[in-house]
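Some notes on the structure that comes next.
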Amino acid sequence: MGRNRNKKPLLENIEIIKLAAEGKAIAKVDDKVVFVTNVIPGDVVDVQVTKKRKSFMEGHPVVFHKYSDLRVDAFCEHFGICGGCKWQNLPYEEQIKFKQQEVLDNLSRIGKIELPEANAILPSAKTEFYRNKLEFTFSNKRYLTFDEINSEDEIDRTPALGFHVPRLFDKIVDINKCHLQAEPSNAVRLAVKEYAFANDLSFFDIRNQEGFLRTLIIRTSTTDDVMVIVVFYYEDVEKREGLMAHLAEKFPEITSLMYVINEKGNDTIGDQDVILYKGVDHIFEQMEDLKFKIGPKSFYQTNSEQAYELYNKTREFANIQKNEVVYDLYTGTGTIANFVARQAKKVIGIEYVPEAIEDAKLNSEINDINNTSFFAGDMKNVLNAEFIAEHGHPDMMIVDPPRAGMHTDVVETILQAAPNRIVYVSCNSATQARDLEMMDHAYKVTKIQAVDMFPHTHHVENIVLMEKR
């Protein structure tokens with residue numbers, strides 16, 4: 001085992017034994033766990049350690065002695081550089097096997113609770129072109145790969161339009177073709193870049209805060225609507241008009257063509273005016289006979305078709321009866337609330353973000369649903385005894401919290417509200433397991449269903465049905 005001067009060892013001929021959380025994999029050296037990036041089980045590698053702790057190490061492969069028999073060729077030319085789709089070199093069947101196992105391990109190891117036999121994970125029917133939204137960033141200097149930096153050739157640092165390199169806020173990989181979103185996504189991005197080059201439009205320099213073009217957001221839907229938003233750093237009517245007119249003419253299929261002038265330091269547009277250039281200021285998504293209106297700032301699950309499977313399974317687990325009052329916590333834009341409303345007596349949705357609640361009300365209106373009520377505010381403040389007395393005791397609750405899971409105050413509030421059943425939808429089974437343990441004395445887990453929303457990534461959703469003991 002060689003050592004370099006700063007005591008970060010090089011581990012030689014190490015076999016990768018299994019996948020781990022967050023897209024890493026595991027090897028064992030002298031009973032110590034080593035987390036390794038960019039490898040899969042069965043690879044034999046030399047690992048350069050980058051972090052060394054008492055109980056574990058982290059590192060990356062520097063030499064491959066043997067490639068795993070499981071390996072398949074990645075289908076994207078940007079694999080390994082852009083940082084998305086980390087598991088393209090692992091067959092999809094293996095990916096979902098691991099995701100299922102990770103969910104069960106988290107629930108039993110972290111939750112330490114009695115579990116029923118889990119349903120088989122629901123795979124995604126589409127493993128490419130499944131996303132309905134992508135955001136691309138302009139940069140005046142494209143990211144050079146390791147090979148390019150070490151090359152003898154003169155490398156041209158042309159501007160880039162693509163994705164952030166993981167953990168490098170100012171480095172952008174120039175994307176030629178992305179396999180995540182259906183056309184016209186790639187065509188629109190390439191047309192914008194081509195027009196910018198031909199007409200000398202400057203790309204943003206995030207360090208020096210200068211340049212004209214900042215970001216490009218593209219949303220598509222299962223109803224064939226397309227929304228394109230171009231974000232500029234400052235107004236230049238002639239240049240902006242030129243680009244927008246070019247897009248409008250070249251892509252008549254764009255339903256909603258919009259732009260933003262964002263003069264602040266960061267790229268978020270939540271606090272910015274989005275100006276309509278052509279078409280309408282929204283697109284529609286459809287689920288069964290329900291329509292959901294999506295504006296430039298609306299949240300909607302990123303894999304529309306698999307979101308339907310997720311909500312369908314949630315509704316099935318909920319098994320709502322006509323006389324039941326349902327509370328939907330972390331309701332977002334009310335997708336789940338509206339999706340289950342026809343089964344229920346009434347649905348109460350609560351969400352922290354006021355704009356999302358406006359969307360939720362609108363979505364009820366569009367679909368002639370009149371047994372929903374939505375409230376904005378912090379869950380632990382809104383959901384108290386007075387609120388329940390006013391709106392009715394929840395027969396069942398659906399909760400779909402962010403990655404961090406539920407605040408202990410919210411768990412306490414749910415336990416006090418004491419619904420008969422709870423369906424807990426989670427995008428992070430580790431925090432879900434922690435929350436389930438806190439409720440284990442009052443509720444028993446009776447069903448488990450993992451759902452894969454994001455093929456080629458380590459993310460997995462999980463649905464659990466809990467019934468009162």
Side-chain angles (χ1 to χ4, degrees), residues 76-78 81-82 84 129 131-143 156-165 170-206 209-221 224-263 266-269 272-281 283 294-297 302:
C76 176
E77 65 191 274
H78 306 293
I81 302 165
C82 102
F129 307 114
R131 281 184 71 105
N132 56 34
K133 181 187 177 193
L134 283 178
E135 180 167 334
F136 302 102
T137 304
F138 293 89
S139 170
N140 62 329
K141 291 189 194 77
R142 75 180 174 86
Y143 174 68
D156 195 11
R157 288 294 295 271
T158 47
L161 176 52
F163 297 123
H164 284 269
V165 180
D170 61 337
K171 299 285 189 284
I172 302 297
V173 177
D174 192 46
I175 299 292
N176 181 41
K177 180 179 180 177
C178 178
H179 291 255
L180 281 173
Q181 189 177 29
E183 291 297 4
S185 179
N186 279 303
V188 167
R189 187 188 65 259
L190 295 173
V192 168
K193 190 165 69 172
E194 200 178 297
Y195 180 91
F197 283 174
N199 294 274
D200 212 19
L201 305 185
S202 59
F203 287 38
F204 198 57
D205 179 333
I206 194 162
Q209 295 280 304
E210 59 189 26
F212 184 50
L213 297 165
R214 284 193 78 155
T215 58
L216 172 70
I217 300 160
I218 302 174
R219 296 184 97 143
T220 47
S221 78
D224 293 330
D225 284 348
V226 180
M227 176 184 283
V228 174
I229 307 165
V230 185
V231 183
F232 302 93
Y233 184 45
Y234 53 84
E235 175 65 293
D236 180 325
V237 177
E238 194 181 327
K239 285 182 175 174
R240 175 183 56 71
E241 270 300 312
L243 174 58
M244 300 306 281
H246 176 69
L247 282 176
E249 186 189 348
K250 194 171 168 72
F251 298 99
E253 66 268 43
I254 294 176
T255 323
S256 173
L257 183 56
M258 310 170 88
Y259 69 92
V260 176
I261 311 295
N262 176 11
E263 298 177 339
N266 63 47
D267 284 336
T268 57
I269 62 163
Q272 301 289 296
D273 291 333
V274 185
I275 302 150
L276 183 65
Y277 178 81
K278 188 189 174 198
V280 287
D281 66 355
I283 58 176
I294 298 167
K297 300 176 187 178
T302 329

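When the ring-ring contact (aromatic ring centres under 6.0 Å, His included) test is applied to Tyr259, no partner is found at least two apart in sequence or on another chain. Shown here are the ring-ring contact (aromatic ring centres under 6.0 Å, His included) partners of Phe163, two or more places apart in sequence or in another chain: Phe136. Arg240 pairs by the salt bridge (Lys or Arg N to Asp or Glu O under 4.0 Å) definition with Glu235, not counting sequence neighbours. Under the side chain to side chain donor-acceptor pair (under 3.5 Å) criterion, Thr268 pairs with Lys264, Asn266, sequence neighbours left out. In terms of the ring-ring contact (aromatic ring centres under 6.0 Å, His included) criterion, Phe251 has no residue partners (sequence neighbours excluded). A search for ring-ring contact (aromatic ring centres under 6.0 Å, His included) contacts involving Tyr277 returns nothing, not counting sequence neighbours. Qualifying side chain to side chain donor-acceptor pair (under 3.5 Å) partners for His179, counting only residues two or more places apart in sequence or in other chains: Glu128. A search for side-chain contact (heavy atoms from CB on, under 4.5 Å) contacts involving Asp273 returns nothing, not counting sequence neighbours. For Ser221, the side chain to side chain donor-acceptor pair (under 3.5 Å) partners are Thr223, not counting sequence neighbours. Among residues two or more places apart in sequence or in another chain, the salt bridge (Lys or Arg N to Asp or Glu O under 4.0 Å) test is passed with Arg131 by none.
Proximity of a side-chain donor or acceptor of Ser256 to a complementary backbone N or O of Gly279 within less than 3.5 Å is not detected. With Arg214 contributing its side chain and Glu263 its backbone, the two residues share no donor-acceptor pair below 3.5 Å. At distances below 3.5 Å, not a single donor-acceptor pair connects side-chain atoms of Glu249 with backbone N or O atoms of His246. The backbone N or O of Ala245 lies less than 3.5 Å from no partner atom in the side chain of Lys278, so there is not a single donor-acceptor pair. One N or O on the side chain of Ser202 and one on the backbone of Phe212 form a donor-acceptor pair closer than 3.5 Å.
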In residues 180-196, what donor-acceptor pairs under 3.5 Å come from side-chain atoms, sequence neighbours left out?
residue, atom, partner, partner atom, Å
Gln181, OE1, Ser185, OG, 2.7
Gln181, NE2, Asn132, O, 3.3
Gln181, NE2, Ile218, O, 3.0
Gln181, NE2, Thr220, OG1, 3.3
Glu183, OE1, Ser185, N, 3.3
Glu183, OE1, Asn186, N, 3.1
Glu183, OE1, Ala187, N, 3.1
Asn186, OD1, Cys178, N, 2.9
Asn186, OD1, Arg189, NH1, 3.0
Asn186, OD1, Arg189, NH2, 2.9
Asn186, ND2, Cys178, O, 2.9
Arg189, NE, Ile175, O, 3.3
Arg189, NH2, Ile175, O, 3.3
Arg189, NH2, Asn176, O, 2.8
Lys193, NZ, Asp174, OD1, 3.1
Lys193, NZ, Asp174, OD2, 2.9
Tyr195, OH, Gly242, O, 3.3

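Exactly one of Leu247, Val226, Ile229 qualifies for a side chain to side chain contact (heavy atoms under 4.5 Å, CB included) with Leu257. That residue is Leu247. Val274 pairs with exactly one of Val260, Ile217, Ile261, Val231 by the side chain to side chain contact (heavy atoms under 4.5 Å, CB included) rule, that one being Val260.
The number of heavy atoms from other shown groups lying within 6.0 Å of NZ (Lys250) does not exceed 12. More than 12 non-hydrogen atoms from other residues, nucleotides or ligands lie less than 6.0 angstrom from CG of Asn199.
Here the closest non-hydrogen pair linking Asp281 and Met227 is O-CE, 4.1 Å. Pairing each heavy atom of Cys82 with each of Val173, the nearest pair is CA-CG2, 3.9 Å. Heavy atoms only, all atoms of each residue included: Met244 and Met258 are closest at CE-O, 3.3 Å.
To the nearest 0.5 angstrom, Ile172 atom CD1 is 4.5 Å from Thr137 atom OG1. Atom OH of Tyr233 is separated from atom CG of Asp205 by 10.0 Å, given to the nearest 0.5 angstrom.
Side-chain contact between Asp225 and Ile294 is absent, with no heavy-atom pair separated by less than 4.5 Å. Under the 4.5 Å side-chain criterion, counting only non-hydrogen atoms from C-beta, Leu213 is not in contact with Phe204.
Relative orientation of the Phe203 and Phe138 rings is perpendicular, given thresholds of 30° and 60° on the angle between their planes.
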